[in-house]
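Here the structure comes first, spelled out in structure tokens, and everything after it is commentary.
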Amino acid sequence: LKAHSRTPRAPSACGLIPSACSQSRMHGPPCNGLPLLFAASVCLSSLAAAGATDCAPPSSAEVVVANRTYTVTPISTIPDGQTASTGCEPSVPGHDGKILLSCSQGALTVVSTTCVERGCPAGAGATVSLGGQSSMLPSVAGDFSPGDSYSVDCSELNSQFAGQAVVTCRAGSFTGDTSGCGLPCPAGTAVAVTAHGLSGTVASAETVASGSSASMPCSSVSDKLGGTLQLLCSNQQLQPQAAGCGLLCLNASTTS
């Protein structure tokens with residue numbers, strides 16, 4: 001048997017035609033020869049004359065800043081083969097700097113970016129909501145860099161709450177985190193306690209503020225226990241702390 005070799009086929013002319021010039025746009029012959037390439041050349045010339053390969057709004061590209069992805073749109077048409085810069089805002093809120101965009105055959109890409117997160121200037125205030133009540137916090141005395149924070153008593157935001165709220169500077173404005181705020185545990189709130197294998201249910205004799213604790217004798221759980229039981233309140237939930245409870249040493253009766 002003789003081995004037969006095949007001459008590699010030349011790549012189809014279709015692979016050389018930009019997607020902007022479709023078969024329907026060119027009205028040319030099938031994709032099998034130079035006539036199509038000529039038609040494509042005419043097509044590209046007409047597209048360029050009409051600005052069809054430029055990048056005009058709402059053309060967009062993705063830009064990544066601080067591990068977050070945003071969509072940027074040019075403020076005006078960018079001619080094919082050219083670059084233009086636009087401000088980071090409004091595409092990247094709360095950031096100063098520029099984004100350099102490039103246009104190639106109607107495709108918009110990001111070349112580089114100098115977007116930097118904005119700090120919070122002296123005099124800036126913050127509105128924080130807690131328990132359905134919004135409070136305007138006093139203006140800060142100095143400049144805050146992104147990520148800087150300060151604490152506020154939750155009672156300043158809503159008198160029913162206790163604990164600490166954290167206000168942080170992000171992208172030019174302050175945001176409040178009230179996860180450290182909690183409602184009190186009313187008097188009579190019950191909780192199950194287990195210590196040294198002995199169990200019982202106790203109830204607070206008074207209202208306990210969130211983040212605070214009340215104490216009671218461990219004998220409230222069992223008369224076989226001594227010491228002091230702590231009841232910590234966390235947003236209307238009592239959490240027993242029985243580390244201070246111990247078994248009583250009962251005197252054993254002896255007979256002679």
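If you're wondering where the values come from, they're calculated on a predicted model, not measured in any experiment. For the numbers below, each heavy atom of this structure counts, side chains included, while hydrogens, waters and symmetry mates do not.
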* Spell out, as yes or no, whether a donor-acceptor pair under 3.5 Å connects the side chain of Ser149 to the backbone of Thr168. => no
* Asked: Ignoring hydrogens and geometry, is there a side-chain-to-backbone donor-acceptor pair from Asp143 to Pro121 under 3.5 Å?
  -> no
* Does atom CD of Gln133 have more than 12 heavy-atom neighbours from other groups under 6.0 Å away? -> yes
* Asked: If you measure from SG on Cys115 to CZ on Arg68, what distance do you get to the nearest 0.5 Å?
  -> 13.0 Å
* **Co-membership, hydrophobic cluster, residues Met216 and Val221, 4.5 Å side-chain** => yes
* For the residue pair Cys55 and Ser104, what are the closest heavy atoms and their distance? -> SG-N, 4.4 Å
* To do: Compare all side-chain heavy atoms of Cys154 with those of Leu130 and state whether any distance is below 4.5 angstrom.
  => yes
* **Short side-chain to backbone donor-acceptor contact, Asn158 and Gln160, under 3.5 Å** => yes
* Closest approach of Ala187 to Ala205 (non-hydrogen atoms, all atoms of both residues) -> CB-O, 3.9 Å
* Hydrophobic cluster membership, Leu238 vs Phe161, 4.5 Å side-chain cutoff -> no
* Structure fact -> For Pro79 and Cys103, the nearest pair of non-hydrogen atoms, with its separation, is O-CB, 3.7 Å
* Asked: So, do Thr83 and Ser102 sit near enough that their side-chain heavy atoms are less than 4.5 Å apart?
  -> yes
* **Donor-acceptor under 3.5 Å (Glu89 side chain, Gly94 main chain)** => yes
* Do Leu108 and Pro74 come within less than 4.5 Å of each other through their side chains, counting heavy atoms only? -> yes
* Asked: Sub-3.5 Å donor-acceptor pair from the side chain of Asp153 to the main-chain atoms of Ser155, do we have one?
  -> no
* To do: Would you check, one step at a time, whether the test side-chain contact (heavy atoms from CB on, under 4.5 Å) holds for Ser135 with Val128?
  => CA-CA 5 Å; Ser135 302; Val128 181; 5.7 Å; no
* Asked: Transitively linked via ILVMFWY side-chain contacts under 4.5 Å: Leu137 with Phe144?
  -> yes
* Side-chain contact test, heavy atoms from C-beta onward, threshold under 4.5 Å: evaluate it for Asp80 versus Gln105 and give yes or no. => yes
* Which heavy atom in Ala165 sits nearest to a heavy atom in Leu157, and how many Å separate them? -> CB-CD1, 3.8 Å
* Let me see the working for Thr73 and Ser60 under side-chain hydrogen bond (donor to acceptor under 3.5 Å, both in side chains), right down to the final yes or no. => CA-CA 5 Å; Thr73 300; Ser60 64; 5.0 Å; no
* Quick one: does Leu247's side chain get under 4.5 Å of Leu198's, heavy atoms only? -> yes
* Asked: Just by distance, do the side chain of Thr114 and the backbone of Lys98 share a donor-acceptor pair under 3.5 Å?
  -> yes
* Min side-chain heavy-atom separation Ser91-Thr86 under 4.5 Å -> no
* **Separation of Ser112 OG from Leu100 CG (nearest 0.5 Å)** => 4.5 Å
* Structure fact -> Rounded to the nearest 0.5 Å, the SG atom of Cys245 sits from the CD atom of Gln230 at a distance of 9.0 Å
* Tell me whether Ile78 is reachable from Val63 by hopping between hydrophobic residues (I, L, V, M, F, W, Y) whose side-chain heavy atoms are closer than 4.5 Å. => yes
* Asked: So how far is it from Glu117 CD to Cys88 SG, rounded to the nearest 0.5 Å?
  -> 12.0 Å
* Asked: Looking only at heavy atoms, which two atoms of Val72 and Leu101 are closest? And how far apart?
  -> CG1-CD2, 3.9 Å
* Sub-4.5 Å side-chain heavy-atom contact between Leu231 and Ser213 -> no
* To do: Would you kindly say whether Ser129 and Ser134 are connected by a side-chain donor-acceptor distance under 3.5 Å?
  => yes
* Asked: Minimum heavy-atom separation for Ser212 to Leu232, with atom names?
  -> O-CD1, 3.4 Å
* Tell me, do Tyr70 and Pro93 make a side-chain contact under 4.5 Å, heavy atoms counted? -> yes
* Kindly say whether Asn235 contributes a backbone atom to a donor-acceptor pair with the side chain of Ser210 at under 3.5 angstrom? => yes
